[in-house]
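Below: one structure, written as structure tokens.
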Amino acid sequence: MIIAVDGPTASGKGTISRQLAQHYRLPFLDTGLLYRAVGWTLRAQGGNADDASDALAACRFHSDLLADPGLRSEEVGGLASRVSVHPAVRNALDKRQKDFANQPGGAVLDGRDIGTVIAPDADAKLFVIAKPEARALRRFSEMKSRGEPAVYEDILADILRRDERDQNRAAAPLKPAEDADLLDTSDLTIRIAVQQAIALVDARISRRVDIDPT
Ligand code: DC
């Protein structure tokens with residue numbers, strides 16, 4: 001079974017996907033980390049994130065980098081969003097994600113284009129959203145709890161900028177697949193959001209079984 005989870009930054013999709021993977025005992029891939037690794041490598045190489053060939057050169061990173069906590073910073077997230085507009089970068093990361101999705105037994109993947117491009121035949125697709133203010137507040141609280149300096153207004157402006165870029169790029173923009181279930185987590189606790197996500201996936205699977213009993 002393949003579960004595709006897409007949505008904007010800080011929508012809750014990461015936590016929801018991790019818990020879905022645990023619940024259904026499936027391997028999990030946070031595809032945003034791949035783009036973050038490109039952003040990180042590009043910065044180390046002194047490249048320009050808006051230059052397609054600099055960004056492509058940064059796609060050759062070592063897998064060990066994916067475990068580096070430095071990838072989670074807001075700065076690297078912003079670089080990831082910028083490098084992800086280049087079709088050459090998306091192509092370079094495509095096979096790795098598709099191979100992960102199509103492994104025997106299936107997988108859970110989260111990102112921006114999983115339901116539309118990476119796994120268009122996924123058994124269940126969730127599109128997780130939340131109001132920008134709710135997402136900025138979550139990010140603000142996370143940063144404060146890690147002891148990082150955080151200014152709510154700056155975080156909100158950054159989130160809106162990234163949404164704009166991710167939704168309006170020509171290559172694989174962030175948008176729900178036609179057959180995705182929408183989950184708005186603005187007013188939900190994480191526990192309830194996960195319960196609703198599991199209910200949506202279960203409903204999709206049972207519908208599939210009804211249609212194709214093989
Ligand atoms: O999910 P995240 O915040 O870690 O993702 C960082 C950036 O990477 C995001 O702003 C856009 C890009 N990205 C993408 O274009 N496609 C994906 N499947 C995952 C992330």
Side-chain angles (χ1 to χ4, degrees), residues 2-21 28-43 49-50 52 55-56 58-59 61 65-102 107-120 122 125-130 132 134-136 138-140 142-143 146 148 155-177 180 183 185:
I2 302 175
I3 304 177
V5 184
D6 290 302
T9 190
S11 56
K13 70 180 167 25
T15 313
I16 290 172
S17 336
R18 255 181 216 92
Q19 299 214 18
L20 285 175
F28 166 62
L29 180 65
D30 169 359
T31 64
L33 277 184
L34 303 176
Y35 291 92
R36 284 170 180 265
V38 177
W40 170 281
T41 306
L42 175 123
R43 188 180 59 181
D50 304 320
L56 182 61
C59 289
F61 55 83
L65 178 58
L66 297 174
D68 192 316
L71 294 189
R72 309 261 173 203
S73 76
E74 292 305 298
E75 189 205 344
V76 175
L79 287 169
S81 171
R82 283 166 65 194
V83 296
S84 72
V85 306
H86 304 300
V89 168
R90 307 200 70 82
N91 273 341
L93 301 178
D94 184 272
K95 183 176 182 317
R96 189 176 183 144
Q97 297 174 75
K98 287 185 175 156
D99 285 350
F100 193 90
N102 293 314
V108 179
L109 291 89
D110 96 34
R112 301 291 188 288
D113 61 342
I114 308 302
T116 49
V117 175
I118 300 297
K125 299 179 184 178
L126 296 182
F127 196 80
V128 184
I129 55 168
R135 290 153 52 204
R138 286 177 196 161
R139 197 38 62 83
F140 175 80
E142 275 167 27
M143 290 171 75
R146 290 197 297 256
E148 292 169 19
I155 297 172
L156 179 59
D158 187 53
I159 279 182
L160 293 173
R161 225 179 359 254
R162 273 174 65 183
D163 282 359
E164 224 291 305
R165 197 184 298 119
D166 293 351
Q167 285 162 359
N168 295 312
R169 67 183 179 216
L174 168 68
K175 62 167 188 211
L183 177 57
T185 67

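Remember, predicted model here, so these are calculated numbers, not experimental data. Just so you know, ligand 1 is whichever comes first in the structure, and atom 1 is the first atom listed for that ligand.
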For ligand 1, which atoms, with element, lie under 4.0 Å from some heavy atom of Arg90? 14 (C), 15 (O), 16 (N)
Reported CG-to-CZ distance for the pair Leu174 and Arg162, which is rounded to 0.5 angstrom: 11.0 Å
Short version for Arg162: what comes under 4.0 Å of ligand 1, heavy atoms counted, is side chain
Between Arg169 and Asp113, does any side-chain N to carboxylate O distance fall below 4.0 Å? no
Would you compute the distance between atom CG of Leu34 and atom CG of Leu66 and round it to the nearest 0.5 angstrom? 6.0 Å
Report, in ascending order of atom number, the atoms of ligand 1 lying under 4.0 Å from any heavy atom of Asp166. 9 (C), 10 (O), 11 (C)
Would you call Asp6-Lys125 a salt bridge at under 4.0 Å N-O? no
I'd like to check which ligand 1 atoms, numbered from 1 as shown, lie under 4.0 Å from a non-hydrogen atom of Ser84. 11 (C), 12 (C), 15 (O)
One thing to verify: whether Arg139 and Glu142 come together as a salt bridge, which I'm taking to mean a side-chain N less than 4.0 angstrom from a carboxylate O. yes
If I apply the N/O under 3.5 Å rule, does Asp110 come out as touching ligand 1? no
Is ligand 1 under 4.0 Å from a heavy atom in the side chain of Arg169, in the backbone, in both, or in neither? side chain
Looking only at heavy atoms, is any part of Ser81 under 4.0 Å from ligand 1, and if so is it the side chain, the backbone, or both, or is it neither? both
Lys13 neighbourhood, listing ligand 1 atoms whose heavy-atom distance to it stays under 4.0 Å: 1 (O)
Going by atom types only, do Asn168 and Glu164 share a side-chain donor-acceptor pair under 3.5 Å? yes
